[in-house]
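Each chain gets a letter, A, B and so on, in the order the sequences are listed, and its residues count up from 1.
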Number of protein chains: 2
Amino acid sequence: MPAGPGDHGPRLPTAARPAKSPDLVTISDVARHAGVAVSTVSYVLSGKRAISEVTRNRVLASIRMLGYHPNAGARALASRRANVVALVLPLRSGMQVPVVMQFAMAVVTTARTVEHDVLLVTSDEGPAGLRRIAASAMVDGLLLMDVEMHDSRVPLLRELGRPSVLIGFPADPTGLTCVDLDFHRAGAVCVEHLAGLGHRRIALLGAPAAVYDRGTGFAHRTRNGILDAAARLGVDTVVRPCEEGTAAVRRELVELFERWPDMSGLIVQNESAVGPVLATLPTLGRRVPEDVSVVGICPDQFAEQASPRLTSVPLPAEEVGQQAVSLLMRKVHGEPVPDATLLEPRLTIRDSTAAAPR
Amino acid sequence: MPAGPGDHGPRLPTAARPAKSPDLVTISDVARHAGVAVSTVSYVLSGKRAISEVTRNRVLASIRMLGYHPNAGARALASRRANVVALVLPLRSGMQVPVVMQFAMAVVTTARTVEHDVLLVTSDEGPAGLRRIAASAMVDGLLLMDVEMHDSRVPLLRELGRPSVLIGFPADPTGLTCVDLDFHRAGAVCVEHLAGLGHRRIALLGAPAAVYDRGTGFAHRTRNGILDAAARLGVDTVVRPCEEGTAAVRRELVELFERWPDMSGLIVQNESAVGPVLATLPTLGRRVPEDVSVVGICPDQFAEQASPRLTSVPLPAEEVGQQAVSLLMRKVHGEPVPDATLLEPRLTIRDSTAAAPR
DNA sequence: GCGGCAGGTCGAAGCGCTTCGACGACCGTC
DNA sequence: GACGGTCGTCGAAGCGCTTCGACCTGCCGC
């Protein structure tokens with residue numbers, strides 16, 4: 001828009017057809033300029049037929065000269081590919097915000113490397129929204145984030161019959177393609193680390209109870225991983241959901257130590273509890289890591305800026321996003337893909353864990 | 001995608017043209033089914049010409065029966081409108097994440113109420129990315145978030161000549177449409193509140209120094225608002241940037257009280273400092289709000305879950321998002337819009353402010 | 001010398017939609 | 001009773017692109 005208030009010249013009322021901007025270069029402008037047929041330009045761009053070196057260069061030069069960019073709508077119409085994927089978020093906001101954002105960014109970036117753009121969709125319109133997106137051929141595939149055990153979008157997805165990938169696992173992932181961190185393994189890795197340091201009583205301070213009740217997959221899977229590993233290694237373990245806020249954290253910790261005064265290992269899977277836990281333990285007379293070792297399952301960012309810096313299993317948002325996009329692309333192209341992709345957790349050892357006391 | 005691994009029947013190699021799915025209902029299917037011309041269906045949908053009640057109903061019935069959804073690409077091609085807006089984020093991650101997310105959600109939701117979808121774009125491809133989006137006619141307009149004083153996207157935007165709205169103000173907003181909270185006013189409102197309670201020495205604990213150096217608009221504007229109001233009301237004031245982390249916050253506070261032992265009003269514009277400030281003040285022998293009153297300029301979420309609950313000026317993400325979309329739509333339709341839209345700050349009084357001591 | 005076969009290029013037929021101009025039918029006028 | 005207007009509908013012409021089939025070379029082998 002040219003600067004200044006004179007901006008909106010004489011225009012027809014509201015919904016007038018936008019003027020045919022003269023600056024819109026089309027493929028036939030390029031063809032004319034290069035002295036070739038439209039189809040030749042198209043083949044230069046797509047590489048689907050052999051074009052002589054000399055012609056190709058002439059066409060490419062014209063494209064650059066004229067500043068040509070193919071019209072996405074026309075392309076989608078003719079090729080039956082939109083080169084766009086939908087990123088579907090539940091509107092349940094407040095959840096996991098920074099993580100979601102990281103995913104989204106990774107998805108956008110990765111999609112661009114394969115010539116795709118990302119349409120941001122919230123599922124608050126209900127099924128109709130997804131249906132519309134799918135049926136309007138706006139997108140070639142769907143990426144669902146923040147999937148729950150009994151996610152209402154899942155049956156719809158099956159019915160839609162469009163290529164799709166879920167980030168997270170629903171209760172019944174049959175026939176779906178899902179990617180996520182292997183939370184079961186992640187729980188186990190934490191226990192193994194602590195057990196290896198000699199800790200015999202370990203507690204999990206988990207997500208708020210609502211998260212477990214809602215049947216969120218990652219919470220359950222982590223818990224089970226911890227319980228299984230603990231059983232296997234013969235260490236005692238207890239799981240406690242934990243609400244947000246310093247007060248709630250303190251209450252949980254106090255109760256834990258009443259029950260097990262000799263508890264020395266703590267696994268925290270709750271971003272917003274990390275700070276409070278580390279702040280509260282000293283006030284209960286427990287130093288970290290001398291008396292109590294703490295390991296987090298949380299974004300690296302939180303672990304890094306905690307004090308002491310937290311030993312943790314990070315959520316590899318970047319990697320999950322990349323995997324999800326690349327799986328989706330393969331489905332879009334009709335290639336077979338594995339149903340489940342579980343990313344191996346990696347434990348980063350920092351300053352919050354040490355050998356068990358005594 | 002039908003369940004199971006037998007999923008991908010006989011298919012041509014990789015980039016085969018997607019099969020013409022028989023389930024894709026087009027406008028001519030609808031026309032045939034309703035016994036009218038294609039154009040009639042189109043007019044029923046767009047309402048751009050009068051259609052008799054009876055015909056309209058017949059068409060609508062057919063649409064519902066067949067589950068018709070217009071093909072977005074075809075529509076965009078013919079009408080020269082994509083019904084999509086671009087939401088452009090800088091990739092500089094880690095910034096303001098929850099706020100950005102709130103904006104994004106508000107934008108998506110609002111856009112849907114006016115029949116638009118949202119394309120998520122990061123500006124990490126550089127100018128080429130925005131240029132491509134604009135030239136490919138994928139979107140009708142652009143929404144830029146997280147705008148800085150000297151934002152590299154701004155000159156590009158002017159050159160592109162597409163309808164656009166910025167969330168935030170660059171140094172030179174000439175010829176651009178910008179929306180934001182009136183941070184100048186917000187700073188003033190905080191000072192007025194504290195001054196009204198009798199506080200005579202007030203400090204601003206601001207964003208990290210890097211934010212000021214980068215020339216981020218909101219930080220400067222808030223500071224100026226505070227300084228102006230302080231001068232006007234005759235209260236003493238000092239501004240201190242503040243890094244993240246409890247340690248940094250503690251250091252700042254200690255220095256502040258060394259300089260002004262009788263400082264009793266604190267304005268905090270730094271989400272991640274809110275918790276630490278409230279936690280640290282008591283350890284310095286200052287109760288909140290009896291000895292020191294604290295007011296935040298931060299998302300409501302942080303203010304609510306602080307203890308004591310924080311008197312604050314929230315960032316009205318929802319409202320900003322709505323305004324931005326509605327301004328953009330007006331520009332898309334060629335209507336004139338104001339250059340600058342400043343949203344009035346609203347102070348929410350909670351438990352962290354009280355009359356000055358003595 | 002001719003058939004065959006790549007390698008290059010072109011023209012034209014759509015993709016599914018919107019919109020323009022026409023046209024028939026029906027109204028009220030002078 | 002002929003004239004102009006609305007109202008409702010239709011047909012056709014694109015929108016800018018991809019892709020199919022055809023059509024030219026040359027060049028190879030026999």
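- With contacts defined as side-chain heavy-atom distances shorter than 4.5 Å, the pair A/Glu159/A/Leu156 qualifies.
- Look at A/Thr26 and you won't find any side-chain N or O under 4.0 angstrom from OP1 or OP2 of D/dG16.
- Scanning both residues, B/Ala72 and A/Met138, for their nearest heavy atoms gives CB-CG, 3.3 Å.
- Counting to the nearest Å, the C1' atom of D/dC15 and the CG atom of A/Leu77 are 9 Å from each other.
- B/Glu335 places none of its side-chain heavy atoms less than 4.5 Å from the side chain of B/Met329.
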- Task: Go through B/Ser52 and B/Thr55 one step at a time and tell me if the side chain to side chain donor-acceptor pair (under 3.5 Å) criterion holds.
- Result: CA-CA 5 Å; B/Ser52 69; B/Thr55 307; 2.8 Å; yes
- Under a 4.0 Å heavy-atom criterion, the protein footprint on nucleotides 4-11 of chain D, written with B, S and -, is ----SBBB
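- Non-hydrogen atoms lying under 4.0 Å from DNA chain D are contributed by A/Tyr68, A/Pro70, A/Asn71, all within residues 63-73 of chain A.
- Put simply, the side chain of B/Thr40 never gets that close to the backbone of B/Val36: no donor and acceptor are under 3.5 Å apart.
- An OP1 or OP2 oxygen of C/dG16 is reached within less than 4.0 angstrom by a side-chain nitrogen or oxygen of A/Arg80.
- Note that CG of A/Leu143 is 12.0 Å distant from CG of A/Leu119, once rounded to the nearest 0.5 Å.
- The rotation axes computed at either terminus of the helix from C/dG1-D/dC30 to C/dC30-D/dG1 lie 50° apart, taking five pairs at each end and rounding to 10 degrees.
- Closest approach of A/Arg153 to A/Val88, counting heavy atoms only: NH1-O, 3.5 Å.
- B/Leu120 contributes atom CG, which lies 9.5 Å from atom CG of A/Asp117 (distance to the nearest 0.5 angstrom).
- Residues A/Lys331 and A/Asp140 are not paired through a salt bridge, judged by the lack of any N-O separation under 4.0 Å between the basic side chain and the carboxylate.
- The phosphate of D/dT18 (OP1 or OP2) has no side-chain N or O of A/Ser79 nearer than 4.0 angstrom.
- Results of the side chain to side chain contact (heavy atoms under 4.5 Å, CB included) test with A/Leu176 over A/Val154, A/Val165, A/Asp339 single out A/Val154 as the only residue that passes.
- Counting to the nearest Å, the P atom of D/dC17 and the CZ atom of A/Arg32 are 12 Å from each other.
- Taking 4.0 angstrom as the limit, B/Lys48 places a side-chain polar atom (N or O) nearer than this to OP1 or OP2 of C/dT19.
- Across C/dT18, D/dT19, D/dC17, the shortest atom-to-atom separation from the side chain of A/Arg75 is found for D/dC17.
- Panel note: side chain A/His33, backbone A/Asp29; no donor-acceptor pair is recorded below 3.5 Å.
- Distance A/Arg81 CZ to D/dT18 P: 13 Å, rounded to the nearest Å.
- Summarising the geometry, the separation between CD1 on A/Ile27 and P on C/dC10 is reported as 12 Å, rounded to the nearest angstrom.
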